[in-house]
Asker: 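Before we start, here is the structure in question, set down as structure tokens.
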Amino acid sequence: MSSPYSDKVIEYFQNPKNVGEIENPDGIAKEGSPACGDMVQLHLKVNEDTQEIEDIKFRSYGCASNIATGSIITEMAKGRSIDEAKEITWQQAADELGGLPAVKNHCSVLAVDALKEAIRDYEEKHGLVEEQVPTTIEVAKERLKHVMNPIHGLDVLKTNLVEDIEIEDKVITVTVDLAEDHQFASAVKEDIKEKLEPRWDIEEVIVKYRE
Ligand code: FES
């Protein structure tokens, strides 16, 4: 049977590089694909003096295309400055892999989005985001689009896991539709805090569970 994948995709799928996690990463992303419900996680270590990506690791819960793209973008990004790495596109990653079947483009988009989001996470945590837009409900929702609902592999907004968001006096309260003793409750809480705590005008993030 002929394969829809290039030899390079198959090689990277079978022997992916830079798989895993980094202890105390400087930037983190977990991105999910609305097209297929798969997920990819990416960790970065950045040299604060040079702003170069010193280490990068990923874990994919997606298909062969996603694993191969995750692998190739880690190689493309390693050693580059965060500004250079931000410019890597899914098309470049797909070209580097010798092409991907058109129906699989969203898989490489997912991996590249994870790289961009991990860089953004690093920049937010280090006060490098220039526009100091005040945190409104809309801004908070934009950030929460990058928190995955582990039950579905899609974000917590799309899956209605977030019931309410309130912002008052630099405190943001997010109510989630999960019981406190649910197996994913603490992971979701941690991810929500992770995305909102770096906001420059937020001092506390409270996550409330279903009563
Ligand atoms: Fe889901 Fe490829 S089909 S990541």
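Only heavy atoms go into these numbers, but all of them, side chains included; no hydrogens, no water, no symmetry mates. The first residue in the sequence is number 1, and the count goes up from there. Start at 1 and go down the list; that is how both ligands and their atoms are numbered.
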Asker: How many angstroms lie between CZ in Arg143 and CD1 in Ile202, if you round to the nearest 0.5 Å?
Answerer: 12.5 Å
Asker: Can you name the atoms of ligand 1, numbered from 1 with element, that are less than 4.0 Å from a heavy atom of Asp38?
Answerer: 1 (Fe), 3 (S), 4 (S)
Asker: Looking at Lys125 and Asp26, is any side-chain nitrogen of the basic one under 4.0 Å from a carboxylate oxygen of the acidic one?
Answerer: no
Asker: Show the nearest heavy-atom pair for residues Ala85 and Leu115, with the distance to one decimal.
Answerer: O-CD2, 3.7 Å
Asker: Of all the atoms in ligand 1, which lie at a distance below 4.0 Å from a heavy atom belonging to Cys36?
Answerer: 1 (Fe), 3 (S), 4 (S)
Asker: To the nearest 10 degrees, how large is the angle at atom 2 (Fe) of ligand 1 between Cys63 SG and Cys107 SG?
Answerer: 100°
Asker: Which atom pair, heavy atoms only, marks the closest approach of Asn18 to Ile56?
Answerer: CB-O, 3.3 Å
Asker: Indicate if the distance from atom 1 (Fe) of ligand 1 to the nearest N, O or S atom of His106 falls below 2.8 Å.
Answerer: no
